[in-house]
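Report on one structure; see the data block that follows.
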Protein chains: 2
Amino acid sequence: MPDAVAGKWHTPCAKCPLRALKHFREFSADELDFVSRFKAGELSVERGATILVEGTHSPHIYTVLSGLGFRYKLLEDGRRQIMNYAFPGDLLGLQGVLMGELDHSVEALTPITLCVFERSKLESLFERHASLAYDLTWIAAREERILDEHLLSIGRRSALERTAYLLSYIHQRGNAVAGSGGAKKIIPLTQQHLADTLGLSLVHTNKTLRRLAERRLIRWQDGGCEVLEADELLRVSGWEGLKETARPFI
Amino acid sequence: MPDAVAGKWHTPCAKCPLRALKHFREFSADELDFVSRFKAGELSVERGATILVEGTHSPHIYTVLSGLGFRYKLLEDGRRQIMNYAFPGDLLGLQGVLMGELDHSVEALTPITLCVFERSKLESLFERHASLAYDLTWIAAREERILDEHLLSIGRRSALERTAYLLSYIHQRGNAVAGSGGAKKIIPLTQQHLADTLGLSLVHTNKTLRRLAERRLIRWQDGGCEVLEADELLRVSGWEGLKETARPFI
DNA sequence: CGATGCCTTGAGTGAATTCAACGCTTGTGG
DNA sequence: CCACAAGCGTTGAATTCACTCAAGGCATCG
């Protein structure tokens, strides 16, 4: 019974705020029951905390309940490449659980709360819940699709296009999981984060952002980026935008 | 019964030459039986042929039986980014089947033979064969891992490191599925392919290859690239190399 | 009030691109 | 059999893009 542990968790799956969003698919009672038992706890960490570490073995996988994180790899001399950002509903650590060692690290960009699942129960998920197994594969394929687009950006788009693409991407992802509140959304990251995602230097990222700001497409404010003209920004990027209907999550 | 259709196919699953390789995991009789029925046919195409087209819906997924292909995306003005190469045992088109529309195209780099599977039977795979469902997720996670490393290369490695990385990667992937034959393996691609994978111009790719050739690490020959000093090439790239044990395939 | 972190800017350098051309091979049609 | 075109690799020169270096401004925080 979820109530038995309600004191430990803040959020039982049955009352998961993410399920209320149109962005996610509906769960059957059976699926919800399994996921409730699959969930082993919650983890909350501060901005800047490291959640998963490259090269380690993690006994858990996580779903972002609230907050924002990012996935990155390092070269020996410290060069960093950010692969992707994790929004509410996103799964973290699946790679590590399936393939042994993690090949990337994850860090919190804001205070973040994660649902914790134990890898040991993953087997029974595949054996007894085909629909959830399908969802896991879907989630992995979706990450692949996102990485494809990032690769296209870094490899073939100009610095301006690339920056516009990344900001559009984050903006769209953020909107998809935002409550309908009309408040200004400021993307909470530093220019160093953008630089490390775009494959550009910090200085050149700054100058490129400036060009977008001069066109009134974005504004840098309160330690983050505010998108002023989402449509025009998307047009500059030459990207088609996210096309997702109701998506699954665990 | 496999015999009933033996006339149409060249390769029944039970005699699949890939299963003989140590590189792939063993299948149970039950799994083999299912996959045999899952396989709907074979497709052979010439070098340069397009196998899957971005933006379309494919009723099939494919496994490479022999030959080499590559996965790419195009921008409107023709700029091309190659995401990855497909070797024997690799699955193609899973993304399209799971998520509707394909977001990339696939082209044959050599004459290639593919096993054809129908998407309509994918459902029963998830419902009745948990181990194969797990494999599919594993395969998707592996592609993600490879893309992570490519992203790191394009974003943060120098042109020389990046080129050394890509050639090392292709060389290792090729070796993993090669019969033990000691023949010189020439990677059959043009410098334009490399350029479009590395995010470099054709001219600069040529000059970078030249630098590697001057160091006697590679040689350009017969319309392809021969790796002469794999260890040193790997060292130049700063990459750790593939670490795969027996991997699954469908 | 001196650190520290982050954004900003200019100047100089280096890397990668575009442009242009040439050589070699292969294939094709007269 | 030759002429010609097409594809691919190679090279040099000029240009543009992005990087490094260096410094300064402006907050925040102990």
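Per chain, numbering begins at 1; letters A, B, ... match sequence-line order. Note that this is a predicted model, so its numbers are computed, not measured.
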**Report entry** Residues that B:His150 engages under ring-ring contact (aromatic ring centres under 6.0 Å, His included), provided they are two or more places apart
**Finding:** B:Tyr165, B:Tyr169
**Report entry** Side-chain donor-acceptor pair present, B:Tyr72, B:Thr197, cut-off under 3.5 Å
**Finding:** no
Query raised in the report: Hey, is A:Glu244 close enough to A:Arg142 for a salt bridge, meaning N to O under 4.0 Å?
Result: yes
Query raised in the report: Is the side chain of B:Thr56 donor-acceptor paired with the backbone N or O of B:Ser58 at a distance under 3.5 Å, no angle test?
Result: no
If you restrict it to nitrogen or oxygen atoms, what contacts under 3.5 Å exist between nucleotides 4-7 of chain D and the protein, and what is each distance?
none

Query raised in the report: Whole-Å distance between D:dC19 P and B:His204 NE2?
Result: 14 Å
Query raised in the report: side-chain contact (heavy atoms from CB on, under 4.5 Å) between B:His204 and B:Leu200: does it pass, once the steps are laid out?
Result: CA-CA 6 Å; B:His204 197 242; B:Leu200 298 173; 4.0 Å; yes
Query raised in the report: Does any donor atom in the side chain of A:His193 or A:Thr190 lie under 3.5 Å from an acceptor atom in the other side chain?
Result: yes
Report summary line: Of D:dT20, D:dG9, D:dA18, the nucleotide closest to the side chain of A:Ser201 is D:dT20
Query raised in the report: Do A:Gln81 and A:Asp196 have side-chain atoms, one donor and one acceptor, less than 3.5 Å apart?
Result: no
Query raised in the report: Near DNA chain C, under 4.0 Å by heavy atom, which residues of residues 208-223 of chain A?
Result: A:Arg210, A:Trp220
Query raised in the report: Does a salt bridge link A:Arg71 with A:Asp90, judged by any charged N lying under 4.0 Å from a carboxylate O?
Result: no
**Report entry** Interatomic distance, B:Leu189 CG vs D:dG9 C1' [rounded to whole Å]
**Finding:** 14 Å
Report summary line: With sugar-phosphate taken as primed atoms, P, OP1 and OP2 and all else as base, the protein-contact string of nucleotides 21-30 of chain D at under 4.0 Å (heavy atoms; B, S, -) is B---------
**Report entry** Closest-nucleotide 5' rank along DNA chain C - winner of A:Arg156 and A:Lys207
**Finding:** A:Lys207
Query raised in the report: Are any of the side-chain nitrogens in B:Arg79 or B:Glu76 under 4.0 Å away from the carboxylate oxygens of its partner?
Result: no
Requested in this report: Walking along DNA chain C from 5' to 3', note the first and the last nucleotide with an atom under 4.0 Å from a heavy atom of chain B, and give both.
Outcome: C:dA16 to C:dC19
Query raised in the report: Should B:Lys185 and B:His171 count as side-chain neighbours, where that means a heavy-atom distance under 4.5 Å?
Result: no
Query raised in the report: Are the side chain of B:Glu46 and the backbone of B:Pro111 linked by a donor-acceptor contact shorter than 3.5 Å?
Result: no
Query - side-chain contact (heavy atoms from CB on, under 4.5 Å) against A:Lys243, all qualifying residues, sequence neighbours excluded - result: A:Glu240, B:Glu101
Query raised in the report: Reckon A:Gly48 touches a base, only the sugar-phosphate, or nothing at all at heavy-atom distances under 4.0 Å?
Result: nothing
Requested in this report: Name the residue closer to the 5' end of DNA chain D, choosing between A:Leu200 and B:Gln191 according to the nucleotide with the nearest heavy atom.
Outcome: B:Gln191
Requested in this report: Please answer whether the main-chain N or O of A:Thr113 pairs with a side-chain N or O of A:Ser44 as donor and acceptor at a distance below 3.5 Å.
Outcome: no
